[in-house]
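A quick write-up on the structure given underneath.
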Amino acid sequence: MSDLSLYYFPSCPYCRRVLDFIEENELENIELKNIRKDKAAKDKLIEVGGKSQVPCLLIDDEPLYESNDIINWLQNNLLEN
């Protein structure tokens, strides 16, 4: 199992899409990091990806951006087909 962390902030509509997908599919092994409330999380996001763009799914410290790409990765890697 990969180490997964989703960097987001609640008012971002693209983040909301990913968060809704996670909730609807009851995905539990994803650590949620609100970059508006957690300065260390924002610093880590910038350190790893070079920018503070959200949503960002860190997969074993490799950044994946864009809500559609994140949802596709989650569907292909976490949902049973």
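For the single chain, residues carry numbers from 1 onward in sequence order. Not measured: the values here are computed from a predicted model.
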Expected output: side-chain D3 to main-chain D60 donor-acceptor under 3.5 Å: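 It does not hold such a pair.
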Which residues pass the side-chain contact (heavy atoms from CB on, under 4.5 Å) test with [X], not counting sequence neighbours?
X   : result
N34 : Y8, F9, P10, R36, K37
P13 : none
N77 : W73

Those residues that, when tested against [X], pass salt bridge (charged side-chain N to carboxylate O under 4.0 Å, His left out) (two or more places apart):
X   : result
E62 : none
D43 : K39
K42 : none
D38 : none

Any residue meeting side-chain hydrogen bond (donor to acceptor under 3.5 Å, both in side chains) with N25, in chain and number order, not counting sequence neighbours: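 Scan of N25 (side-chain hydrogen bond (donor to acceptor under 3.5 Å, both in side chains), adjacent residues dropped) gives none.
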Could you tell me the separation between the [atom1] atom of [X] and the [atom2] atom of [Y], rounded to the nearest 0.5 Å?
X   : Y   : atom1 : atom2 : result
I22 : L6  : CD1   : CG    : 5.0 Å
S5  : N29 : OG    : CG    : 11.5 Å
Q75 : F21 : CD    : CZ    : 4.0 Å
S2  : I30 : OG    : CD1   : 10.5 Å
L64 : D69 : CG    : CG    : 5.5 Å

Donor-acceptor contacts, no H, no angles, side chain residues 50-57, under 3.5 Å, sequence neighbours left out:
residue	atom	partner	partner atom	Å
K51	NZ	Q53	OE1	3.2
Q53	NE2	E66	OE2	3.3

Within-4.5 Å side-chain heavy-atom neighbours: L74 and L79: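 With C-beta onward as the side chain, the pair stays apart.
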Pairwise side-chain contact, L4 with L58, heavy-atom cut-off 4.5 Å (strictly under):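 Side chain of L4 against side chain of L58, heavy atoms only: no contact under 4.5 Å found.
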Residue pairs passing the salt bridge (charged side-chain N to carboxylate O under 4.0 Å, His left out) test where at least one lies in residues 6-29, sequence neighbours excluded: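 Listed once each, the pairs are R16-D20.
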Cluster link L32 to L45, ILVMFWY, side chain under 4.5 Å: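 Different clusters: L32 never reaches L45 through Ile, Leu, Val, Met, Phe, Trp or Tyr contacts under 4.5 Å.
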Verify same cluster id: I71, L27 (apolar side-chain graph, 4.5 Å):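 Yes; tracing contacts between hydrophobic side chains, which count when under 4.5 Å, links both residues.
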